[in-house]
Amino acid sequence: FWWIIAAVLLIGELIQPGFFLIWIAAAAAVTGLVHFIYPMSWEIEVLVFAVLAAGMIWLLMQRKLPIAVVATGLVLLTVADLWRVDIRPLDIITRDQYQNNFVEHDYVKAIKQDPTLYRVTDLTDQNPSNVLTSFGLQTAGGYHAAKMRSFQDVVDVTGNMNGNGIMNPWMFNLLGTKYIVANGGLSEDRTRFEPMFQSHEPAPSEGGKPGIPAIVWKNPQALPRAFMSYRYDVKPKLDILHAMRDGSFDPRQLTYLDVAPAGMPALATQPIDSTESVTVKSYKNESVELETKASGNRLVFMSDTWYPY
């Protein structure tokens, strides 16, 4: 690319001699030579352009180049830089290639056989993925450029993935994560996670080796999306997050609050029995309708982010 620019500038110099295009041609040739010997990223190419431009200005200040030559050189450098960026094509794909990103996998179809309300965690990608949400599944992760601070705090402290997701079995339970999709084995302890379905789709290769097919693991200890507890304790937010990270309490008995509730009636102190229940009648982005059966005043816990604005 740079040598083509140099050749065009040399031809221009031959057509209209003026002893200034040859300078720019030399700069382009040198840039091309450096790029040939040591391939450069676009950042380094920009740096080379900047150095060449600065060199021209220095020569101008030393009165070794007339101002017309320097001005023309800077204009040509700018045009060449814009040309370099403009000729790079977009990563154009066909409609079929785009639609293939949203083809419903066989393991997604297997999960959707369960009509209840639950979450799914996708561990087939190193980065948090939103792919499963495009199939109507709710996930315990994913990516958003402007996450709420309260949610990001939960991911940062309890997730065990350096803020990139949640890989904490106790949090799987609390968030109602009933299914986990992973490439291959998730746990040798079959009492913790149970293999439910193995994908029949070809697995992508890994480092030249055959890939491992996706397996759907069922988490039998996942809690319902809404359930009751019969007592609460008030703690600072960070202490609550640490208790969630460590799994040091039973959420069916104890709910942590960061602010003491005002005006709440006294709770029934007896443990919750089998006749008491919480049923999700309707679950929408804007509203959730619950039906409860309780023998006294209880707390209802939902593993959802409260965003009333």
Side-chain angles (χ1 to χ4, degrees), residues 116-121 128 138-142 144 147-178 180 189 191-193 219-283 285-309:
T116 61
L117 187 63
Y118 52 84
R119 287 192 174 96
V120 181
T121 288
Q138 298 187 33
T139 64
H144 194 285
K147 292 184 287 293
M148 286 177 281
R149 184 69 260 174
S150 57
F151 173 75
Q152 188 60 50
D153 287 343
V154 171
V155 175
D156 290 343
V157 178
T158 72
N160 297 331
M161 292 184 68
N162 298 318
N164 291 322
I166 295 177
M167 185 59 182
N168 182 330
W170 194 88
M171 287 300 296
F172 287 165
N173 297 345
L174 185 66
L175 295 176
T177 306
K178 193 173 182 180
I180 299 101
D189 184 2
T191 63
R192 186 68 186 84
F193 300 108
N219 178 19
Q221 300 180 40
L223 292 170
R225 291 289 293 275
F227 56 88
M228 293 182 185
S229 67
Y230 59 91
R231 61 190 182 94
Y232 70 88
D233 194 6
V234 179
K235 280 179 174 286
K237 291 182 179 180
L238 187 58
D239 290 347
I240 297 174
L241 291 172
H242 287 163
M244 293 164 62
R245 178 197 63 194
D246 301 334
S248 59
F249 66 101
D250 183 352
R252 285 188 177 274
Q253 299 180 13
L254 174 65
T255 297
Y256 282 120
L257 306 174
D258 63 324
V259 177
M264 186 175 72
L267 300 178
T269 57
Q270 72 274 17
I272 297 170
D273 60 42
S274 58
T275 64
E276 301 178 86
S277 63
V278 180
T279 304
V280 180
K281 305 296 290 185
S282 173
Y283 188 95
N285 289 336
E286 301 81 10
S287 65
V288 178
E289 181 182 349
L290 304 177
E291 182 180 85
T292 61
K293 294 180 181 179
S295 59
N297 293 327
R298 304 294 195 184
L299 292 173
V300 173
F301 176 88
M302 291 187 63
S303 58
D304 289 76
T305 303
W306 173 243
Y307 186 66
Y309 306 106

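In what follows, every heavy atom counts, from backbone to side chain, and hydrogens, waters and symmetry copies are set aside. Bear in mind that the values here come from a model prediction, so they are computed numbers and not experimental data.
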Can you tell me how far the [atom1] atom of [X] sits from the [atom2] atom of [Y], to the nearest 0.5 Å?
X    : Y    : atom1 : atom2 : value
N160 : N168 : CG    : CG    : 5.0 Å
E291 : K281 : CD    : NZ    : 4.5 Å
K237 : D153 : NZ    : CG    : 8.0 Å
K293 : E276 : NZ    : CD    : 11.5 Å
T158 : L175 : OG1   : CG    : 7.0 Å
N173 : K178 : CG    : NZ    : 13.0 Å

Closest approach of [X] and [Y], non-hydrogen atoms and distance?
X    : Y    : value
L174 : L223 : CA-CD1, 4.1 Å
A268 : G296 : CB-CA, 4.1 Å
M302 : A226 : CG-CB, 3.9 Å
P169 : F193 : CB-CZ, 4.3 Å

Can you confirm whether [X] sits close enough to [Y] that some side-chain heavy atom of one is under 4.5 Å from a side-chain heavy atom of the other?
X    : Y    : result
M228 : S277 : no
F172 : I180 : yes
L299 : Y232 : yes
M171 : V154 : yes
Y283 : R225 : yes
I272 : R298 : yes
V155 : F151 : yes
F227 : V300 : no

Please output the side-chain donor-acceptor pairs of residues 239-267 that fall under 3.5 Å, not counting sequence neighbours, one pair per line with the distance.
from, atom 1, to, atom 2, distance (Å)
D250, OD1, R252, N, 3.0
D250, OD2, Q253, NE2, 3.4
T255, OG1, S229, OG, 2.6

Tell me, with the steps shown, if T305 and S150 meet side-chain contact (heavy atoms from CB on, under 4.5 Å). CA-CA 8 Å; T305 303; S150 57; 4.0 Å; yes
Is the closest basic N to carboxylate O distance between D156 and R149 below 4.0 Å? yes
